[in-house]
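Okay, structure first, notes after.
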Amino acid sequence: MTTSSLNEQQKAAVMYNEGPSLVIAGAGSGKTRVLTYKIAYLMEVVGLKPYQIMALTFTNKAAREMKQRIATMVGEEKARHLAMGTFHSQFVKILRAESSYLDLPSNFTVYDTSDSKSLIKSIVKEMQLDDKTYKPSAVLSRISAAKNKMIMPEAYDDAAGASVDFMRRMPKVKAVYAAYQNRLRQAGAVDFDDMLCLTNRLFAQYPQVLEKYQNRFQYILVDEYQDTNYAQYLIIKALAAKHHRVCVVGDDSQSIYAFRGADISNILHFQKEYAPAKLFKLEQNYRSTQMLVEAANSLIAHNRGRIPKHVFSENAAGEPVQVVEAYSDTEEAHMVAMRIARLTRSTTASYGDIAVLYRINALSRSLEDAMRNQGIPYVIYGGQSFYQRKEIKDVLAYLRLLVNPSDEEAFKRCVNYPARGIGETTINKVKEVSSTQQVSLFEVASNPLAYNLPVNAPTAKRLMAFTESLQHIAANMQQQNAYEVAVQVLNMSGIVNALKASADIAAESDLQNIDQLLGGIKEYVDKQLEEEGQEPTLAAYLTEVALLTDADNDSSDDADKVTLMTVHAAKGLEFPHVFVVGLEEELFPSCKDVESTEGIEEERRLLYVAITRAKEQCFLSYAKSRFRNGKTMYGMPSRFIREIDKRYVQHHAKGVSSFDFSRKDDSFFSRPTFVAQRKMPGLVAKPSAVSANTQSFTPLQHVVVGQKVLHEKFGIGVVSLVEESASGTRVKVQFEHSGERLLLLKFAKLKIID
DNA sequence: GGCTCTAAAGTTTTT
DNA sequence: CTTTAGAGCC
């Protein structure tokens with residue numbers, strides 16, 4: 001392999017392998033390049049085997065992309081065997097393998113955030129605490145913060161000193177935390193934080209297990225080290241303690257996840273912790289113009305306690321950061337849209353070269369409207385994930401329950417849907433017995449008589465019918481792959497029937513999403529068989545999806561569209577033209593963060609990340625008035641605008657003159673409809689969703705009663721009614737084989753048959 | 001036990 | 001303005 005395409009610092013970082021090293025990688029300095037080259041170098045030159053190298057990232061996407069790049073250097077085969085992935089995906093594997101040490105079944109379930117919240121809600125209720133004070137999200141974030149710091153329930157008081165004032169209003173968090181852990185254990189479940197906590201416990205309590213992995217992973221690399229929390233820090237420390245071959249890469253200036261437990265001191269103190277650690281600084285920015293790099297530098301210079309570095313660019317000088325003032329949020333959005341229209345018209349820039357970034361998702365609305373008005377195609381990243389959707393969670397709950405019948409949250413979800421005459425009262429009784437007898441909900445429900453469940457005969461019968469249908473599937477599950485089981489579940493559970501029978505027009509999109517999920521399972525099964533040659537189990541599939549987010553789904557359809565997203569979501573990406581909107585006090589910086597220096601510094605890093613996404617041009621805008629939470633708010637320009645050195649900023653006093661803001665132009669550019677898509681995997685939007693144009697097919701414009709039509713799923717039918725509703729044109733169709741259905745014209749993939 | 005209406009609340013979110 | 005969660009009704 002050759003390192004000739006690397007600069008001196010990059011090369012040095014790649015080739016140094018004598019001991020711990022810290023690579024401080026400024027924005028756009030070729031961080032991923034160094035990591036990929038280093039991993040290839042370790043295999044090709046140092047002679048390590050792929051499985052001896054552990055490379056940890058924060059997203060599946062980052063891991064996947066890096067793996068691909070390494071594959072092109074050293075070949076598919078070698079790249080495949082690297083222990084490369086997210087912290088969670090790598091350590092969940094170890095936990096499954098070593099579950100016997102941890103009082104955990106090997107088929108343990110992974111609870112996602114909503115499962116955790118739901119469990120906390122139950123606990124708060126059972127403990128008769130005020131659910132206004134003990135809001136599930138608030139309690140979970142307290143528990144999560146404790147877990148990130150490796151504070152177990154027993155030790156919660158002592159170490160949680162910093163949260164005493166918060167605790168005054170919620171003194172029982174410790175008790176809820178203890179109960180929560182108990183219930184997780186009973187359900188055979190772990191939450192996201194547990195994956196790291198339990199790994200630490202495993203390594204701390206069983207030195208022989210730790211040693212096994214220390215011996216296996218001869219070299220450990222960590223990406224985005226500035227975002228690690230204490231639990232992650234401890235794991236790395238333990239694994240590297242024997243051989244000290246560890247390389248962490250990151251940028252303290254881009255640490256923006258403190259609210260999730262990321263501890264910037266991990267990277268700030270790395271050299272001390274791993275002394276004598278070698279430090280490499282990648283300071284040449286290959287992404288942005290000099291002007292933008294200097295502007296960003298002058299902003300971040302206001303932060304204290306940074307690792308000293310001077311990021312520079314040898315690219316073109318470029319233009320200053322453009323600062324624009326708008327009267328209102330609407331005008332701001334309009335100006336951005338106008339500017340985008342102009343950019344694509346008068347320069348070589350295409351829509352895909354442009355991103356609009358904001359501090360909070362709520363700002364996307366006005367931008368969406370403006371984009372639509374200008375006929376600009378756009379994609380919004382973020383929003384609800386595919387796997388968070390109710391219909392998908394419902395299906396997955398059945399699969400989870402099959403794999404792990406103790407799974408409490410899955411049980412509650414399944415028994416509740418589709419409706420089968422088992423309600424809250426019955427469930428409470430089941431819970432009561434389950435708790436006193438120390439057995440699972442499923443166990444009680446399947447033997448209501450044996451456990452003297454105080455319910456009437458029909459209810460007992462319904463409970464048994466429910467559990468028996470699942471047991472039936474479970475019985476021949478061993479001979480089937482994940483896909484086959486899923487198909488069976490859909491038929492047996494009654495989900496598909498319930499949706500097909502539903503008069504709700506949303507049911508159709510639910511069905512399509514479920515179809516999509518099935519397709520995903522099939523894809524997974526095929527991929528596993530082909531790549532790993534192993535029969536994919538349902539348990540393996542469920543673990544994978546539990547650790548998946550929609551950001552991991554490479555979408556094929558965001559081809560040439562303007563990207564709208566939060567600054568957080570933009571981290572790691574780059575665009576020739578970047579607009580950052582809503583630069584007002586109380587918004588960016590956020591009002592929640594203006595109190596403390598740390599808060600402000602994090603917000604400042606956030607803007608630093610935003611500006612450094614831009615390659616050529618960066619626009620910052622603020623609005624004097626903004627419609628927020630139903631009220632018009634008047635804000636001041638963000639302090640951060642003043643903090644950027646004047647030499648790198650160009651102010652535009654009013655948007656009107658400098659941006660050709662005029663109504664005439666507005667109508668000139670507007671086009672009837674444009675295709676915009678949410679960044680979700682082939683997701684079908686619910687009709688209730690506002691984005692009326694969330695689709696990639698061309699919907700029928702006009703349909704008349706008596707028209708013969710063809711539907712993808714329902715087959716041939718005749719239109720019997722056409723009406724206008726709030727959500728669009730609605731048609732009633734009498735299908736030959738699927739009966740009568742109400743469809744929304746813009747969602748139904750209808751074709752006219754002559 | 002399941003659906004509809006009204007009230008309260010409203011950052012960022014790699015897993 | 002929106003969305004979501006609980007109380008009330010059938």
Side-chain angles (χ1 to χ4, degrees), chain A residues 56-63 85-92 110-113 116-117 121 125 131-132 135-137 140-141 144 147-148 190-196 223-224 226-229 231-232 254-262 329 357-366 381-385 387-388 416-427 458-459 462 504 543-552 565-573 582 586-594 599 602-603 605-607 609-610 626-633 688-690:
Chain A
L56 301 169
T57 63
F58 276 84
T59 63
N60 296 300
K61 191 174 161 215
T86 63
F87 276 85
H88 294 80
S89 77
Q90 291 302 301
F91 295 119
V92 80
V110 175
Y111 271 13
D112 70 12
T113 312
S116 297
K117 281 186 198 160
K121 197 171 164 184
K125 202 165 190 175
D131 57 0
K132 288 267 176 352
K135 286 191 290 254
S137 54
L140 179 62
S141 79
S144 179
K147 286 189 180 182
N148 286 162
V190 303
D191 68 11
F192 285 135
D193 302 315
D194 281 337
M195 291 186 223
L196 306 175
D223 190 16
E224 307 278 17
Q226 77 281 356
D227 289 331
T228 50
N229 60 34
Q232 288 162 326
Q254 293 186 63
S255 165
I256 55 174
Y257 281 103
F259 68 94
R260 288 184 93 259
D329 49 349
L357 311 181
Y358 33 81
R359 177 65 244 266
I360 56 170
N361 283 123
L363 295 200
S364 73
R365 178 56 60 81
S366 55
Y381 277 70
Q384 199 189 19
S385 144
Y387 297 100
Q388 295 298 115
N416 190 253
Y417 181 84
R420 46 172 66 79
I422 304 170
E424 202 193 329
T425 347
T426 308
I427 296 307
T459 306
R462 288 189 209 117
D504 191 345
T543 306
E544 175 147 320
V545 297
L547 298 177
L548 224 63
T549 55
D550 55 68
D552 294 318
M565 59 178 147
T566 63
V567 182
H568 282 93
K571 194 174 142 200
L573 306 177
E586 311 267 276
L587 182 59
F588 200 167
S590 153
C591 58
K592 314 275 165 112
D593 270 325
V594 289
E602 173 121 339
E603 296 284 316
R605 289 192 292 268
L606 199 52
L607 184 58
V609 167
R626 184 173 296 279
F627 203 66
R628 266 229 278 176
N629 299 346
K631 279 193 279 266
T632 303
M633 316 279 277
S688 58
V690 196

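Each chain gets a letter, A, B and so on, in the order the sequences are listed, and its residues count up from 1. Worth saying up front: this structure is predicted, and the values here are computed from it rather than measured.
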Let me confirm one number: the NE2-CE distance from A/H88 to A/M195, rounded to the nearest 0.5 Å. 5.5 Å

Hey, is the main chain of A/L587 close enough, under 3.5 Å, to the side chain of A/R359 for a donor-acceptor pair? no

Looking for any heavy atom pair under 4.0 Å, which part of the strands does A/S590 touch: base, sugar-phosphate only, or nothing? base

When we call it a touch if two heavy atoms are under 4.0 Å apart, what does A/F627 touch: a base, just sugar-phosphate, or nothing? sugar-phosphate

A/T59 side chain: which of B/dG1, B/dT13, B/dT14 is closest? B/dT14

Would you indicate what A/D193 reaches in the nucleic acid, counting non-hydrogen atoms under 4.0 angstrom: base, sugar-phosphate, or nothing? nothing

Do A/D227 and A/K571 make a side-chain contact, defined as non-hydrogen atoms from C-beta onward lying under 4.5 Å apart? yes

At a cut-off of 3.5 Å, list every protein nitrogen or oxygen paired with a nitrogen or oxygen from nucleotides 2-8 of chain B, distance to 0.1 Å.
{"unit_1": "B/dG2", "atom_1": "OP1", "unit_2": "A/G421", "atom_2": "N", "d": "3.3"}

Using the rule for Phe, Tyr, His and the six-membered ring of Trp, do A/Y257 and B/dT12 stack at under 5.5 Å and under 30°? no

Nearest to the side chain of A/R365, which nucleotide is it out of B/dG1, C/dT2, B/dT12? C/dT2

Give a yes/no on whether any side-chain N or O of A/N629 is located under 4.0 angstrom from OP1 or OP2 of C/dT2. no

Go through B/dG1, B/dG10, B/dT14 for me and flag the one nearest to the A/R260 side chain. B/dT14

Under 4.0 Å, heavy atoms only, any strand: does A/T57 hit a base, just the sugar-phosphate, or nothing? nothing

Base, sugar-phosphate, or nothing for A/E603, non-hydrogen atoms under 4.0 angstrom? base

For the pair made of CG in A/N229 and C1' in B/dT13, what is the distance, rounded to whole Å? 14 Å

Nearest 0.5 Å, what's the CG-CD1 distance between A/L607 and A/I256? 11.0 Å

What is the glycosidic conformation of B/dT11: syn, defined as within 90° of 0, or anti? syn

Taking A/G599's backbone N and O only, do any of them form a donor-acceptor pair with A/E602's side chain (distance below 3.5 Å, no angle check)? no

Quick one: label A/D227 by what it contacts on the DNA or RNA (base, sugar-phosphate, nothing), any heavy atom closer than 4.0 Å. base

May I ask you to decide if the ring planes of A/F58 and A/F87 are parallel, tilted or perpendicular, using 30° and 60° as cut-offs? tilted

So does A/N361 get a side-chain nitrogen or oxygen closer than 4.0 Å to the phosphate oxygens (OP1/OP2) of B/dT12? yes

